[in-house]
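Written out below as structure tokens is the structure these notes cover.
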Amino acid sequence: MDKDYYRELNAQATDGDAKAFSKLYEMIYRDMYYTAYYTLVDDEDAIEAVIGAARDGFNSISKLRTEEAFTVFMMKTLCARIKMRCKEYEPNLRLDSNHPKLKRLFFTLNATDRLIAVMHIAARMNVSLIAAYTGMMKNSVKKRLDAALTALELK
């Protein structure tokens with residue numbers, strides 16, 4: 001997408017234009033959904049997290065200081081919702097055979113490591129982006145990602 005067009009959309013969304021916000025949201029909703037789906041137990045939780053993050057994003061977009069902050073803001077909002085939802089799950093939660101094998105494999109990790117691994121694998125994010133989205137230090141993310149990939153036998 002053209003940077004000028006992106007800036008224009010962001011400026012319009014900041015002014016409360018729902019159509020502009022939806023065009024920005026359209027660029028990232030797949031990554032948001034995949035992140036939520038593979039981190040949370042079921043599809044309903046994932047949809048709820050993504051919709052809640054979108055609602056929060058629309059209500060707070062006027063607070064963004066730069067145009068480039070939209071994606072970071074939306075993913076941070078989603079990560080916060082995912083973390084809150086994960087706290088409600090039982091400590092040693094394992095998925096049953098009704099869930100896809102890949103998703104069951106992710107659930108062998110703790111919630112934070114699962115979120116980091118999902119963001120890297122499903123949403124194709126690098127360590128710097130994951131650190132920005134989760135609010136963690138880059139080195140912590142790198143160590144946790146390495147451990148998660150090893151546990152998932154992907155490294």
Side-chain angles (χ1 to χ4, degrees), residues 1 3 6-7 9-11 13-14 21 23-95 99-155:
M1 174 179 284
K3 265 191 167 180
Y6 179 82
R7 285 188 181 126
L9 282 177
N10 202 326
T14 301
F21 179 85
K23 287 180 183 179
L24 290 170
Y25 175 71
E26 189 176 296
M27 296 184 319
I28 63 169
Y29 80 93
R30 283 185 185 92
D31 288 343
M32 290 177 69
Y33 176 74
Y34 289 138
T35 300
Y37 176 77
Y38 283 106
T39 308
L40 298 171
V41 171
D42 61 33
D43 197 37
E44 289 177 16
D45 287 352
I47 291 169
E48 203 174 290
V50 172
I51 289 172
R55 187 178 330 110
D56 293 348
F58 181 72
N59 291 333
S60 301
I61 195 166
S62 63
K63 298 176 185 174
L64 295 181
R65 290 183 174 89
T66 64
E67 291 85 11
E68 292 79 19
F70 178 77
T71 303
V72 173
F73 172 72
M74 292 298 293
M75 290 302 289
K76 275 186 173 182
T77 303
L78 177 64
C79 287
R81 286 187 164 274
I82 288 171
K83 287 177 184 179
M84 285 188 326
R85 186 69 181 131
C86 284
K87 287 179 183 178
E88 298 172 11
Y89 294 154
E90 294 178 23
N92 294 317
L93 179 67
R94 295 284 184 252
L95 300 182
H99 291 88
K101 183 179 179 182
L102 178 61
K103 188 168 182 172
R104 289 194 314 265
L105 191 57
F106 276 118
F107 269 79
T108 62
L109 304 171
N110 72 42
T112 302
D113 293 346
R114 186 169 61 241
L115 177 61
I116 291 169
V118 167
M119 292 175 96
H120 178 73
I121 296 167
R124 301 165 312 280
M125 295 178 196
N126 64 35
V127 171
S128 298
L129 278 177
I130 296 169
Y133 296 160
T134 60
M136 297 174 67
M137 299 297 292
K138 191 174 171 181
N139 285 339
S140 296
V141 170
K142 185 174 180 359
K143 287 178 185 176
R144 291 183 90 147
L145 178 59
D146 286 343
L149 294 177
T150 300
L152 294 171
E153 299 175 1
L154 297 173
K155 189 169 185 186

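Each residue takes its place number in the sequence, starting with 1. Any value given below was found using the heavy atoms of this structure, including those in side chains, with hydrogens, waters and symmetry copies removed.
- Shortest non-hydrogen contact noted between Ala49 and Leu40 is CB-CD1, 4.0 Å.
- Between the side chain of Lys103 and the main chain of Val41, a donor-acceptor pair closer than 3.5 Å is present.
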Step by step, would you call Met75 with Leu129 a side chain to side chain contact (heavy atoms under 4.5 Å, CB included)? CA-CA 10 Å; Met75 290 302 289; Leu129 278 177; over 6 Å; no

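- Rounded to the nearest 0.5 angstrom, Lys83 NZ and Leu78 CG are separated by 11.0 Å.
- Between Tyr133 and Thr71 there is a side-chain heavy-atom pair separated by less than 4.5 Å.
- Taken to the nearest 0.5 Å, the OG1 atom of Thr39 stands 11.0 Å off from the CG atom of Asp113.
- Side-chain atoms of Asn10 do not come within 3.5 Å of backbone N or O of Tyr6 as any donor-acceptor pair.
- Applying the salt bridge (charged side-chain N to carboxylate O under 4.0 Å, His left out) rule to Arg85 yields the partners Asp45, Glu88; only residues at least two apart in sequence or on another chain are considered.
- Residues Ala36 and Ile82 come closest through the heavy atom pair CA-CD1, 3.8 Å.
- Relative ring orientation between Tyr34 and Tyr38 is described as tilted, the plane-to-plane angle lying within the 30° to 60° band.
- Separating the CE atom in Met27 from the CG atom in Leu9 is a distance of 7.0 Å, to the nearest 0.5 Å.
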Verdict with reasoning, Met119 to Thr134, per side chain to side chain contact (heavy atoms under 4.5 Å, CB included): CA-CA 10 Å; Met119 292 175 96; Thr134 60; 4.0 Å; yes

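- Counting non-hydrogen atoms of other residues, nucleotides and ligands closer than 6.0 Å to CZ of Arg30 gives a total of 12 or fewer.
- Between Phe21 and the options Phe73, Tyr29, Phe58, a ring pair (Phe, Tyr, Trp, His ring centres under 6.0 Å) holds for only Phe58.
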Step by step, would you call Met136 with Ile130 a side chain to side chain contact (heavy atoms under 4.5 Å, CB included)? CA-CA 8 Å; Met136 297 174 67; Ile130 296 169; over 6 Å; no

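- Note that the OG atom of Ser140 and the NZ atom of Lys138 stand 12.5 Å from one another [nearest 0.5 Å].
- Counting heavy atoms from C-beta outward, Met74 and Leu24 have side chains that stay 4.5 Å or more apart.
- A heavy-atom distance below 4.5 Å is not found between the side chains of Ile47 and Tyr37.
- For the atom pair NE2 (His120) and NZ (Lys142), the distance works out to 10.0 Å, reported to the nearest 0.5 Å.
- A side-chain contact (heavy atoms from CB on, under 4.5 Å) with Thr112 holds for exactly one of Leu109, Ile116, Leu115; it is Ile116.
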Show your reasoning for whether side chain to side chain contact (heavy atoms under 4.5 Å, CB included) applies to Asp56 and Arg81. CA-CA 10 Å; Asp56 293 348; Arg81 286 187 164 274; 3.0 Å; yes

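- We find the OG1-CZ distance between Thr77 and Arg55 to be 12.0 Å, quoted to the nearest 0.5 Å.
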